[in-house]
Amino acid sequence: DIQMTQSPSSLSASVGDRVTITCRASQSISSWLAWYQQKPGKAPKLLIFRSSTLESGVPSRFSGSGSGTEFTLTISSLQPDDFATYYCQQYDGYSRTFGQGTKVDIK
Amino acid sequence: EVQLVESGGGLVQPGGSLRVSCAASGFTFRSYTMNWVRQAPGKGLEWVSYIGSTGTIKYYADSVKGRFSISRDNAKNSLYLQMNSLRDEDTAVYYCTRVAYGDYHNDYWGQGALVTVSS
């Protein structure tokens with residue numbers, strides 16, 4: 001099975017900061033990667049799919065990049081609504097593995 | 001509006017069985033593949049199972065293979081997860097998700113159903 005490793009597992013940042021989260025796959029997954037945001041007690045929400053395509057309605061401060069085994073989620077200017085946990089997910093092959101998550105909290 | 005509403009969660013003893021359901025509305029259910037994803041308390045997301053639009057193709061995570069069974073009733077716009085031989089580590093919120101048409105990511109999620117396995 002393909003393993004997904006996210007880093008960091010948590011980070012503290014201030015409003016206005018640029019934030020970068022990395023996701024590495026144990027083998028090449030082309031661009032078959034999505035990013036989700038989850039707030040406490042809520043279902044995850046799709047942010048980005050196919051590595052870099054922004055889901056409709058998601059603010060443009062979110063962006064994704066990468067292919068093969070290394071991927072990045074960037075928040076260009078962190079807003080109060082962005083404090084949450086972020087997960088990557090690969091969907092190459094029959095399994096749909098998630099990364100372990102990155103919690104973004106207020107510095 | 002797309003809606004996915006899970007039901008059937010609850011408390012079950014280790015070794016027991018439970019079926020969670022997901023009622024879909026606001027889209028043509030029979031045209032979409034679906035997933036179950038779970039989240040143990042305080043932990044991350046774990047993909048559990050996938051079913052194709054006709055119900056013929058099914059995949060399972062290794063952690064549930066042989067114990068869980070995914071199914072769907074397209075006439076009733078419903079998705080199911082039959083869970084047998086339940087273990088403490090199956091305790092989680094179970095989410096029903098829709099897979100984007102013509103793609104592979106989860107574009108809609110239900111609110112989740114809590115399954116607690118405990119004696």
Side-chain angles (χ1 to χ4, degrees), chain A residues 1-10 21 23 25-26 29-58 62 64 66 71 73 84-104, chain B residues 1-7 9 20 22 24 27 32-52 56-65 68 70 79 81 92-114:
Chain A
D1 285 2
I2 299 173
Q3 306 302 316
M4 305 301 293
T5 304
Q6 261 183 260
S7 61
S9 55
S10 65
I21 298 168
C23 189
S26 59
I29 56 170
S30 184
S31 295
W32 299 116
L33 185 104
W35 291 96
Y36 302 90
Q37 176 194 67
Q38 187 180 33
K39 296 182 179 179
K42 300 293 187 182
K45 171 190 170 184
L46 175 67
L47 298 176
I48 288 168
F49 59 96
R50 293 202 189 187
S51 177
S52 61
T53 303
L54 200 65
E55 173 70 345
S56 177
V58 174
F62 291 93
F71 302 86
L73 172 70
T85 300
Y86 295 84
Y87 295 92
C88 62
Q89 183 195 18
Q90 67 82 20
Y91 40 95
D92 186 19
Y94 81 92
S95 70
R96 307 287 188 262
T97 327
F98 288 91
Q100 74 272 31
T102 296
K103 184 177 181 180
V104 177
Chain B
E1 178 194 5
V2 172
Q3 285 200 319
L4 299 169
V5 180
E6 298 92 340
S7 61
V20 289
C22 172
F27 64 102
Y32 287 81
T33 59
M34 303 291 292
N35 281 316
W36 286 101
V37 175
R38 70 183 180 182
Q39 186 169 36
K43 302 297 184 182
L45 301 170
E46 179 187 16
W47 169 76
V48 172
S49 186
Y50 161 106
I51 187 167
T56 302
I57 297 174
K58 303 176 184 181
Y59 301 133
Y60 298 93
D62 288 345
S63 58
V64 306
K65 202 173 295 182
F68 288 15
I70 191 171
L79 176 72
L81 185 68
V93 173
Y94 285 75
Y95 294 103
C96 158
T97 79
R98 188 184 84 166
V99 176
Y101 188 81
D103 215 298
Y104 302 99
H105 56 277
N106 303 299
D107 62 353
Y108 284 92
W109 297 63
Q111 86 288 350
L114 176 61

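Each chain gets a letter, A, B and so on, in the order the sequences are listed, and its residues count up from 1. Quick caveat: nothing in here was measured; it's all calculated off a predicted structure.
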Partner residues of Tyr36(A) under the ring pair (Phe, Tyr, Trp, His ring centres under 6.0 Å) criterion, sequence neighbours left out: Trp109(B)

Nearest non-hydrogen partners of [X] and [Y], listed with the distance:
X: His105(B); Y: Ala34(A); value: CB-CB, 4.1 Å
X: Asp1(A); Y: Asp62(B); value: OD2-OD2, 3.5 Å
X: Leu45(B); Y: Phe98(A); value: O-CB, 3.5 Å
X: Gly110(B); Y: Ala43(A); value: O-CB, 3.2 Å

Nearest-0.5 Å distance that lies between atom [atom1] in [X] and atom [atom2] in [Y]:
X: Thr97(A); Y: Glu46(B); atom1: OG1; atom2: CD; result: 10.0 Å
X: Tyr59(B); Y: Ser95(A); atom1: OH; atom2: OG; result: 10.5 Å
X: Arg50(A); Y: Asp103(B); atom1: CZ; atom2: CG; result: 4.0 Å
X: Gln39(B); Y: Thr85(A); atom1: CD; atom2: OG1; result: 8.5 Å
X: Asn35(B); Y: Gln89(A); atom1: CG; atom2: CD; result: 7.0 Å

Below 4.5 Å from any heavy atom of chain B, which atoms of Gln90(A) appear? Answer side chain, backbone, both or neither. neither

Identify which part of Val37(B) has an atom lying under 4.5 Å from any heavy atom of chain A, answering side chain, backbone, both or neither. side chain

Ring-face cation contact, Tyr104(B) with Arg96(A), 6.0 Å cut, 45° max: no

Please determine whether the number of non-hydrogen atoms from other residues, nucleotides or ligands lying under 6.0 Å from atom NZ of Lys58(B) exceeds 12.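 Yes, enclosed.
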
Count the heavy-atom pairs under 4.5 Å between each of Tyr108(B), Tyr50(B), Tyr95(B) and chain A, then report the option with the highest count. Tyr95(B)

Contacts of type salt bridge (Lys or Arg N to Asp or Glu O under 4.0 Å), residue Lys39(A), not counting sequence neighbours: Asp81(A)

